[in-house]
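First up is the structure itself, then whatever we jot down about it.
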Amino acid sequence: MSKLCPNTYVEGLEYDLEDERKTVDFYPDIAEELNNPYIKEIFRRVAADGQNHAVWFLYYFIKNKRAEL
């Protein structure tokens, strides 16, 4: 099932922030189930990368909200 694209910049940021948050929660759970240390580390890195993305989306979201004031 695919979702429709957000209509506004802020809706896009909110959507992507939520998506990255889910990613950060999902990938470590997968990593814990793996036996291959190399692949396990890849999933941990992907989770860290998602966390970094979430921080950037949050930064732009807050910056936009401040500009509205």
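As a basis for the values below, the full set of heavy atoms in this structure was taken, side chains included, without hydrogen atoms, waters or symmetry mates.
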Please write out which residues are connected to Ile39 in a hydrophobic cluster, directly or through intermediates, given that two of Ile, Leu, Val, Met, Phe, Trp, Tyr count as joined at side-chain heavy-atom separations below 4.5 angstrom.
->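 Cluster partners of Ile39: Phe26, Tyr27, Ile30, Leu34, Tyr38, Ile42, Phe43, Val46.
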List the atom pairs, with distances to 0.1 Å, where a side-chain N or O of residues 9-18 and a protein N or O form a donor-acceptor pair under 3.5 Å, not counting sequence neighbours.
{"residue": "Glu11", "atom": "OE1", "partner": "Asn7", "partner atom": "N", "Å": "3.0"}
{"residue": "Glu11", "atom": "OE1", "partner": "Thr8", "partner atom": "N", "Å": "3.3"}
{"residue": "Glu18", "atom": "OE1", "partner": "Arg21", "partner atom": "NE", "Å": "3.3"}
{"residue": "Glu18", "atom": "OE2", "partner": "Arg21", "partner atom": "NE", "Å": "3.4"}
{"residue": "Glu18", "atom": "OE2", "partner": "Arg21", "partner atom": "NH2", "Å": "2.6"}

What residue pairs, at least two apart or across chains, pass side chain to side chain donor-acceptor pair (under 3.5 Å) with a residue in residues 59-69?
-> Asn64-Glu68
Test item: Asp25 and Lys22 side chains (from C-beta on) under 4.5 Å apart, heavy atoms |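 Not touching, per the 4.5 Å side-chain cut-off.
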Please report the closest heavy-atom contact between [X] and [Y], naming both atoms and the distance.
X     : Y     : result
Lys40 : Glu32 : NZ-O, 4.2 Å
Val24 : Ala47 : CG2-O, 3.6 Å
Gly50 : Glu20 : CA-OE1, 3.1 Å

Here the gap from His53 atom NE2 to Asp19 atom CG, rounded to the nearest 0.5 Å, amounts to 11.0 Å
